[in-house]
There are 4 protein chains.
Amino acid sequence: MDNNPKKSQILEVAEKLFAERGFAGTSVRDIAHEADVNVSMISYYFGSKEKLIDALFESRTDESRSQLESLVMNEELAPLQKINIMIDAVVERLVEKECFHKIMMRVQLTSERSEVISEKVMGFKLRNMELMKKLVEEGQHAGVFRSGLDLSLMMTTLYGTVNQAIATQDFYRIIHNLEHMDHLEFRAHLKRKLSQHLKNLFKSTVTNEHHVEN
Amino acid sequence: MDNNPKKSQILEVAEKLFAERGFAGTSVRDIAHEADVNVSMISYYFGSKEKLIDALFESRTDESRSQLESLVMNEELAPLQKINIMIDAVVERLVEKECFHKIMMRVQLTSERSEVISEKVMGFKLRNMELMKKLVEEGQHAGVFRSGLDLSLMMTTLYGTVNQAIATQDFYRIIHNLEHMDHLEFRAHLKRKLSQHLKNLFKSTVTNEHHVEN
Amino acid sequence: MDNNPKKSQILEVAEKLFAERGFAGTSVRDIAHEADVNVSMISYYFGSKEKLIDALFESRTDESRSQLESLVMNEELAPLQKINIMIDAVVERLVEKECFHKIMMRVQLTSERSEVISEKVMGFKLRNMELMKKLVEEGQHAGVFRSGLDLSLMMTTLYGTVNQAIATQDFYRIIHNLEHMDHLEFRAHLKRKLSQHLKNLFKSTVTNEHHVEN
Amino acid sequence: MDNNPKKSQILEVAEKLFAERGFAGTSVRDIAHEADVNVSMISYYFGSKEKLIDALFESRTDESRSQLESLVMNEELAPLQKINIMIDAVVERLVEKECFHKIMMRVQLTSERSEVISEKVMGFKLRNMELMKKLVEEGQHAGVFRSGLDLSLMMTTLYGTVNQAIATQDFYRIIHNLEHMDHLEFRAHLKRKLSQHLKNLFKSTVTNEHHVEN
DNA sequence: AATGAATGAGGTTTCATTCAT
DNA sequence: CATGAATGAAACCTCATTCAT
């Protein structure tokens with residue numbers, strides 16, 4: 001990112017605070033203070049608060065671009081293996097980039113988004129959808145996935161489950177008596193559990209068994 | 001609620017705007033304007049903006065209290081039937097009370113919540129967890145549910161999927177070319193789809209087949 | 001006072017709060033709440049907050065009217081005796097009507113006062129000045145008081161000392177380790193001390209000795 | 001103060017308005033308007049209205065710190081001379097810093113004060129009390145002051161008289177037909193009169209004559 | 001005669017941004 | 001290029017008062 005240390009610092013702090021308090025709930029003063037830069041720096045570097053979050057989206061979605069693309073192209077893996085790898089990738093990405101994905105969640109809840117963000121989010125989702133579509137069709141063609149699969153609902157479950165897990169992680173810790181774990185340890189634990197859970201969930205859903213149509 | 005039309009009107013508008021724009025992103029002016037009341041009415045009736053959202057939580061969680069309790073107690077239904085009914089109930093509740101549950105999602109993302117809200121949300125979740133625990137144990141005792149079920153992950157998937165579906169409903173409409181549907185029609189469609197999807201998902205998960213432990 | 005219990009109650013509470021927090025620092029809501037009446041009662045009974053304090057002055061200055069007049073007319077007492085009695089009277093009045101005189105102090109500090117209050121205060125002071133003037137002239141005529149007495153400065157000292165004592169009574173209690181005393185006990189103590197102090201102060205000042213003119 | 005002209009300007013105007021109208025009776029708008037600065041400057045420089053008056057106390061009490069300390073240490077003056085010099089100093093200070101001492105009076109009348117102010121006022125009074133105590137003990141040791149002197153009552157009279165004179169100066173002018181005098185002239189006159197009056201008052205009180213104990 | 005609901009003006013403070021340096 | 005001072009708009013809230021009952 002621009003190899004300007006102050007700019008990166010601002011982006012990093014903004015990401016954290018936007019995640020914790022939301023966009024409107026975070027003031028540029030808060031960001032400036034926590035990033036240990038002058039308030040005017042934000043307007044100076046990014047133009048405005050609005051453009052700061054745009055830049056954040058620009059920066060963060062660019063990072064993870066095409067992370068999954070190679071997976072689909074891989075010809076050595078079985079369809080179900082690919083699904084599982086993809087689950088791992090999504091869990092990994094969402095949990096590791098917790099802050100950014102909290103912002104994504106907030107943004108998706110919001111009716112009016114900025115041009116930049118809408119476009120980024122939409123592009124991001126369409127691309128993922130396309131990739132998975134290929135993956136699923138491949139499995140269906142191979143006869144291992146059932147035909148009536150609603151891809152978007154599956155993705156809804158995938159993303160929804162991980163997002164919900166991230167949003168309610170404090171509750172999860174309390175319920176499971178994991179308050180002693182440090183952040184890293186817990187994150188690893190959560191990723192493992194989510195991964196396993198989602199793989200089990202999907203295995204039976206994508207295959208031909210146990211299905212009832214309405 | 002209090003059989004005071006202005007108060008209810010404020011609460012309703014607040015619910016909608018908080019859902020759409022978030023708490024900090026909604027000004028009391030916005031609420032007052034849209035509810036067609038004087039700005040000072042909000043302080044007059046609720047004390048402050050903070051207490052308004054507290055009152056909103058108070059009012060909305062009270063409404064749905066014990067909605068699910070009778071289900072668990074019912075002795076004529078089979079465990080899996082109960083699960084399915086519960087899925088329907090959750091889908092119904094979250095989709096119909098879309099605004100309120102969007103606020104819930106936002107609140108859960110936020111690090112600092114008000115005393116009242118924290119308590120309500122926590123109580124709400126613990127109660128639901130307890131109810132589902134009973135339901136699951138009943139199924140396990142009857143031998144139809146597998147033993148290693150992680151209840152909290154199942155709820156995470158249930159709520160997460162519905163929440164995600166609500167948050168990304170516009171995307172869903174676009175993907176499935178459902179933009180022609182009016183709001184009511186679409187809601188019915190979404191509920192049906194979610195219900196079916198989740199039932200299928202859970203059916204194979206709660207029963208004894210297809211499972212791999214990590 | 002009008003034999004209306006609510007009106008009196010309001011006046012009493014207003015007196016206390018105006019004394020403690022000042023006029024602008026006291027809201028009609030505070031008064032209404034503490035007096036346990038509806039807010040609108042104050043406007044209803046008195047017309048406005050401004051007129052409430054006017055009514056307070058009306059009511060309280062009327063009470064103490066002509067309290068001192070008989071003293072001056074008394075022909076059986078020696079001039080110095082009269083001075084001493086007057087000192088006692090002032091101390092008694094100011095200490096016992098602490099709240100009202102705190103308001104008086106505040107009002108005197110304020111540049112813009114209401115018509116009613118200005119008139120009341122001015123009349124009050126002029127009347128007292130006149131009475132004391134007679135008293136002093138009598139003493140001078142009898143040859144026991146010195147001629148150059150500055151009456152207004154003497155009154156300034158008399159009222160100033162008592163007012164200052166009232167205003168700084170907490171400090172006085174701390175300094176003299178009298179924090180154990182209850183309010184009534186302390187008030188009696190303070191009156192006795194002030195009376196003695198002022199009598200001693202005045203005795204030598206009004207008589208012919210020890211004086212230096214500038 | 002801080003060599004910032006706008007900040008000083010705000011402090012000066014605030015001092016005047018708080019003196020005239022009280023703290024609650026003065027709005028930050030009033031101050032900003034009269035000081036010819038933007039309203040938000042007050043929060044910007046001082047944080048809040050409350051902190052503005054705190055800063056005022058900080059600034060003004062710092063100014064007059066240890067003004068009297070050297071007097072007590074002086075070994076060439078007789079005790080009574082010292083008393084007289086101290087009287088002059090108090091009269092000078094209170095009359096010249098009229099506005100600030102009006103605020104002090106108001107603050108002392110008020111039950112709830114800010115931490116900063118309480119501390120400043122208390123420290124200020126304790127320090128003065130200590131200094132005068134030394135002065136009096138010295139006089140008692142030298143045999144020229146009587147033993148039963150109540151120091152706090154003497155200070156009450158000293159400060160009370162000057163304060164009362166300041167508070168009622170308009171009345172004084174009317175009584176003495178001094179309305180023609182300009183402000184400076186009158187101030188000089190008042191200081192002279194007060195000084196003379198208080199010296200005479202104290203001379204006979206601190207020495208051994210004319211005293212009656214209760 | 002008495003009240004509680006309602007109001008608009010104005011209070012203090014925070015906000016994102018700009019400007020002069 | 002970078003900054004800290006400064007700003008006006010708008011935020012939330014409290015105020016004294018009024019009005020319909």
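Throughout, protein chains are lettered first and strands after them, A, B, ... in sequence-line order, and every chain is numbered starting at 1. As a basis for the values below, the full set of heavy atoms in this structure was taken, side chains included, without hydrogen atoms, waters or symmetry mates.
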Quiz prompt | Which nucleotide in F:dC13, F:dA16, F:dT3 has an atom nearest any side-chain atom of C:Ser27 | solution = F:dA16

Self-check item: Upstream residue (5' side of DNA chain F) when B:Ile42 and D:Val39 are each assigned their closest nucleotide
Solution: D:Val39

Quiz item: Mind checking who E:dT14 pairs with, Watson-Crick or G-U wobble, both distances under 3.5 Å?
Solution: F:dA9

Practice problem: Could you please name the option among F:dT7, E:dA5, E:dG11 that lies closest to any side-chain atom of B:Tyr44? | Solution: E:dA5

Quiz item: Starting at the 5' end of DNA chain E and moving along, which residue's nearest nucleotide shows up first, D:Gly47 or B:Val37?
Solution: B:Val37

Quiz item: Side chain of C:Asn38: nearest nucleotide among F:dT3, E:dG4, E:dT18?
Solution: E:dG4

Exercise. Go through E:dG8, E:dT14, E:dT17 for me and flag the one nearest to the B:Ser40 side chain.
Key: E:dG8

Quiz item: Can you check whether B:Phe100 and B:Phe57 have ring centres sitting under 6.0 Å from each other?
Solution: yes

Quiz item: Closest to the A:Val28 side chain: F:dC12, F:dT14, E:dA16?
Solution: E:dA16

Quiz item: What is the distance from CE of B:Met41 to P of E:dG4, rounded to the nearest Å?
Solution: 15 Å

Quiz item: Out of E:dT3, F:dT18, E:dT12, which has the shortest distance to the side chain of C:Lys6?
Solution: E:dT3

Quiz item: To the nearest angstrom, how far is A:Asp30 atom CG from E:dC15 atom C1'?
Solution: 11 Å

Quiz item: Given the rule in the side-chain hydrogen bond (donor to acceptor under 3.5 Å, both in side chains) test, do D:Lys125 and D:Gln108 qualify, once you have shown the distances and angles that lead to the verdict?
Solution: CA-CA 11 Å; D:Lys125 288 163 87 174; D:Gln108 287 184 104; 2.8 Å; yes

Quiz prompt | Rounded distance in Å - CZ (A:Phe46) to P (E:dT18) | solution = 16 Å

Quiz prompt | Residue matched to F:dT21 through Watson-Crick or wobble contacts both under 3.5 angstrom | solution = E:dA2

Practice problem: Mind calculating the distance between NE2 (D:His33) and P (E:dG11) to the nearest angstrom? | Solution: 12 Å

Exercise. Give the rounded distance in Å between these two atoms: NZ of D:Lys49 and P of F:dT14.
Key: 15 Å

Self-check item: Interatomic distance where CD1 belongs to D:Ile31 and P belongs to E:dT12 [whole Å]
Solution: 8 Å

Practice problem: Check the pair B:Ser27, B:Arg21 against side-chain hydrogen bond (donor to acceptor under 3.5 Å, both in side chains), reporting the backbone distance first and the verdict last. | Solution: CA-CA 10 Å; B:Ser27 76; B:Arg21 315 176 188 179; over 6 Å; no

Quiz item: Which of the following nucleotides, E:dT3, E:dT17, F:dC12, is nearest to the side chain of A:Arg29?
Solution: E:dT17

Exercise. Send over the distance from C:Glu50 CD to F:dA16 P, rounded to a whole Å.
Key: 11 Å

Quiz item: Touch check for B:Lys51, heavy atoms < 4.0 angstrom, all strands: base, sugar-phosphate only, or nothing?
Solution: nothing

Quiz item: Would A:Lys97 and A:Glu15 count as a salt bridge (Lys or Arg N to Asp or Glu O under 4.0 Å) if you check the C-alpha gap in whole Å, the side-chain angles of each, and the deciding distance to 0.1 Å?
Solution: CA-CA 10 Å; A:Lys97 305 269 154 86; A:Glu15 185 176 32; over 6 Å; no

Quiz item: Checking A:Ser114 side chain against A:Ile117 main chain: does a donor-acceptor pair fall under 3.5 Å?
Solution: yes

Quiz item: Expressed in angstrom and rounded to an integer, what is the separation of C:Leu17 atom CG from F:dC15 atom P?
Solution: 12 Å

